[in-house]
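Here the structure comes first, spelled out in structure tokens, and everything after it is commentary.
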Amino acid sequence: MTVLVTGGMGYIGSHTCVELLQQGMDVVIVDNLVNSSAEAGRRVEQITNRPVTFYQIDVRDRERLDEVFRRHEIDCVIHFAGLKAVGESVRMPLEYYDNNLNSTIVLCQTMRAHGVKKIIFSSSATVYSGDNEMPLYETSRTGSCTNPYGWTKYVCEQVLRDCVAADPTWSVVLLRYFNPVGAHASGLIGEDPRGIPNNLMPFISQTAIGRREILNVFGNDYDTPDGTCIRDYIHVVDLARGHVAAISYLDGHPGESVFNLGTGRGSSVLEMVRAFETANHLVVPYRFAPRRAGDLPVCYACPDKSAEILHWRAQYNIQDMCRDSWNWQTKNPLGYATE
Ligand code: NAD
Ligand code: WQD
């Protein structure tokens with residue numbers, strides 16, 4: 001079985017490639033390296049002792065993508081490639097719509113031309129409307145996104161739904177990720193954000209290692225037990241394994257299915273800081289700062305549908321996530337860069 005993994009050099013893609021290879025599947029990566037390094041692929045090979053085929057291609061490049069489909073007998077596709085920074089999407093909406101929508105459209109057209117009909121799409125909890133009660137079910141309201149990034153995920157879901165409506169023999173799985181953190185236990189692959197991290201966990205670990213002076217905790221006056229926001233953090237290896245489960249499900253399940261990939265447990269910002277300190281025996285300097293625009297007070301998944309239908313549940317807890325993030329950070333203080 002050969003899986004085409006777009007965006008496979010990225011954070012979630014590289015961890016997923018490890019799990020696919022360890023399950024005996026072959027992996028073909030297409031990535032333009034706009035937010036990643038080819039070193040991730042070499043590390044994936046090192047962990048698994050199996051080869052990875054890599055094409056440095058923009059998914060929107062129709063001709064070169066077509067060539068990949070001609071060269072390889074692709075059984076299914078996992079589409080991770082995309083831009084993902086919420087704040088940047090507000091400043092550069094056209095780049096986000098262009099990249100995230102056109103990559104999905106060109107990919108689906110190329111799949112159709114080659115008779116490949118199975119795809120897993122990286123969606124996000126961000127497609128849920130902010131006015132839902134918690135936990136979020138796959139049936140909770142979607143839309144009313146607060147930024148262009150969120151809208152690109154919302155529209156891509158619709159594009160894929162419409163592909164199924166036009167040809168019901170397609171199998172489409174939309175995976176809505178909550179907050180992926182952590183790294184592979186080997187410490188060889190992990191999250192390597194460019195510039196100042198937007199997300200909490202890389203900011204915590206860069207502060208702990210001294211690359212950042214202090215963590216700003218955005219808001220301590222929310223209506224939550226300790227006043228800081230609550231999120232559903234999920235270990236990236238658990239998330240990666242969710243894709244393996246989804247691949248098994250694609251077989252024999254034509255149509256469109258949506259699954260949350262979360263733990264079902266919410267943790268506050270302060271709980272994450274404390275967990276990081278306890279797991280790694282260190283101190284993370286922090287201060288309270290004003291709320292960040294657009295943040296919801298609480299967001300967590302109901303993961304029961306994934307458990308029942310995909311037979312997948314997250315195994316790791318927040319201590320594991322903090323330990324593995326720190327292991328990656330200390331072994332690779334500058335990420336994949338050497339200096
Ligand atoms: P990432 O930036 O590490 O990985 C994305 C990869 O896609 C990168 O390697 C990048 O170089 C590549 N890419 C981007 N545009 C491309 C294009 N046009 N052609 C080829 N390659 C391209 O991000 P990630 O955290 O691994 O996220 C993977 C997917 O999951 C993204 O679609 C993201 O939106 C989605 N997602 C991420 C999170 C999260 O918090 N990390 C949460 C929900 C959903
Ligand atoms: C978590 C909490 C912050 C940084 C984002 C995207 C979402 C999805 C996952 C892709 C919040 C607080 C953060 C800091 C802080 N990505 N925080 N200080 O916002 O839940 O989700 O990533 O699909 O679409 O919006 O994650 O890690 O940015 O923030 O206090 O320096 O940590 O306010 O409460 P978020 P995050």
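Order of appearance sets the numbers: ligands from 1, and atoms from 1 within every ligand.
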Scan the side chains in residues 188-204 for donor-acceptor partners under 3.5 Å anywhere in the protein, sequence neighbours excluded, and list what turns up.
unit_1: Asp192; atom_1: OD2; unit_2: Tyr336; atom_2: N; d: 3.1
unit_1: Arg194; atom_1: NH1; unit_2: Val34; atom_2: O; d: 3.1
unit_1: Arg194; atom_1: NH2; unit_2: Ser36; atom_2: O; d: 2.8

For ligand 1, which is the ligand I care about here, please tell me if Pro180 has any N or O atom under 3.5 Å from one of the ligand's N or O atoms. no
Which of these, Leu65, Asn32, Leu33, Leu261, has its nearest heavy atom closest to atom 17 (C) of ligand 1? Asn32
Donor on one side chain, acceptor on other, Arg176 and Tyr128, under 3.5 Å: yes
Among all protein heavy atoms, pick out the one at the shortest distance from atom 1 (P) of ligand 1; state its residue, atom name and that distance to 0.1 Å. Asn35 ND2, 3.8 Å
The atoms of ligand 1 lying under 4.0 Å from a heavy atom of Gly10, numbered in the order shown, are 3 (O), 4 (O), 9 (O), 26 (O)
Phe121 vs His79 aromatic rings, parallel, tilted or perpendicular, using cut-offs 30° and 60°? tilted
Kindly indicate whether the side chain of Cys76, heavy atoms from C-beta on, has any atom under 4.5 Å from the side chain of Leu4. no
Hey, are Arg43 and Asn332 close enough side-chain-wise for a donor-acceptor pair under 3.5 Å? yes
Would one find an N or O of Val59, backbone or side chain, under 3.5 Å from an N or O of ligand 1? yes
Quick one: look up the protein heavy atom nearest atom 3 (O) of ligand 1 and list residue, atom name and how far away it is. Tyr11 N, 2.9 Å
Ignoring angles and geometry beyond distance, decide whether Ser103 reaches within less than 3.5 Å of ligand 1 through its nitrogen or oxygen atoms. no
Distance-only N or O hit between ligand 1 and Val34, under 3.5 Å: yes
Looking at Arg211, I want to see if its CZ is surrounded by more than 12 non-hydrogen atoms of other residues, nucleotides or ligands under 6.0 Å. yes
Where does Thr6 meet ligand 1, judged by heavy-atom distances below 4.0 Å: at the side chain, the backbone, both, or neither? neither
Whether Phe259 and Tyr249 hold their rings parallel, tilted or perpendicular, with breakpoints at 30° and 60°: perpendicular
Report yes if some heavy atom in the side chain of Val52 is under 4.5 Å from a heavy atom in the side chain of Leu21; otherwise report no. yes
Of all the atoms in ligand 1, which lie at a distance below 4.0 Å from a heavy atom belonging to Tyr149? 33 (C), 34 (O), 35 (C), 36 (N), 44 (C)
Distance-only side-chain donor-acceptor flag, Gln158 / Arg161, under 3.5 Å: yes
For ligand 1, which atoms, with element, lie under 4.0 Å from some heavy atom of Ser123? 43 (C), 44 (C)
Considering only heavy atoms, does Lys153 approach ligand 1 within less than 4.0 Å through its side chain, its backbone, both, or neither? side chain
Around atom 24 (P) of ligand 1, find the nearest protein heavy atom and jot down its residue, atom name and distance. Lys84 NZ, 3.7 Å
Answer yes or no: does an N/O atom from His79 fall short of 3.5 Å to an N/O atom of ligand 1? no
Considering only the protein, which heavy-atom contact is closest to atom 31 (C) of ligand 1, and what is its distance? Phe80 O, 3.1 Å
Do Ile12 and ligand 1 have an N or O pair less than 3.5 Å apart? yes
For Trp151 and Tyr154, take the angle between the two ring planes, folded into 0 to 90°, and tell me which bin it lands in: parallel under 30, tilted 30 to 60, perpendicular over 60. perpendicular
Give the residue, atom name and distance (to 0.1 Å) of the protein heavy atom nearest atom 5 (C) of ligand 1. Gly82 O, 3.8 Å
Counting only heavy atoms from other residues, nucleotides and ligands, does the tally under 6.0 Å from CZ of Arg291 exceed 12? yes
Looking at atom 15 (N) of ligand 1, what's its closest protein heavy atom, distance included? Asn99 ND2, 3.1 Å
With under 30° as parallel and over 60° as perpendicular, where do the rings of Tyr96 and Tyr149 fit, or are they tilted in between? perpendicular
Regarding Glu67 and Tyr55, is there a side-chain donor-to-acceptor distance under 3.5 Å anywhere? no
Can you tell whether the side chains of Glu277 and Arg274 come within less than 4.0 Å, N to carboxylate O? yes
For the backbone of Gly264 and the side chain of Asp232, can you confirm whether one donor and one acceptor N or O come within less than 3.5 Å of each other? yes
Kindly determine whether Lys153 and Glu157 satisfy salt bridge (Lys or Arg N to Asp or Glu O under 4.0 Å), including the steps that lead there. CA-CA 6 Å; Lys153 291 293 169 191; Glu157 284 199 359; over 6 Å; no
Which protein residues come within less than 4.0 angstrom of ligand 2, counting heavy atoms only? Val86, Ser124, Thr126, Tyr149, Asn179, Asn198, Asn199, Leu200, Phe203, Leu215, Asn216, Val217, Phe218, Cys229, Arg231, Tyr233, Val269, Arg292, Asp295
Any nitrogen or oxygen of Ser124 lying under 3.5 Å from a nitrogen or oxygen in ligand 1? Just yes or no. no
To which of Val5, Asp31, Asn199 does the heavy atom nearest atom 8 (C) of ligand 1 belong? Asp31
How far apart are the C-alpha atoms of His281 and Phe276, what are their side-chain angles, what is the distance that settles it, and do they pass the ring-ring contact (aromatic ring centres under 6.0 Å, His included) test? CA-CA 8 Å; His281 313 289; Phe276 199 93; over 10 Å; no
Can you name the atoms of ligand 1, numbered from 1 with element, that are less than 4.0 Å from a heavy atom of Ser122? 29 (C), 30 (O), 32 (O), 35 (C)
Here the atoms of ligand 1 under 4.0 Å from any heavy atom belonging to Ile57 are 19 (N), 20 (C)
Taking N or O atoms only and a 3.5 Å limit, does Tyr177 qualify as a polar contact for ligand 1? no
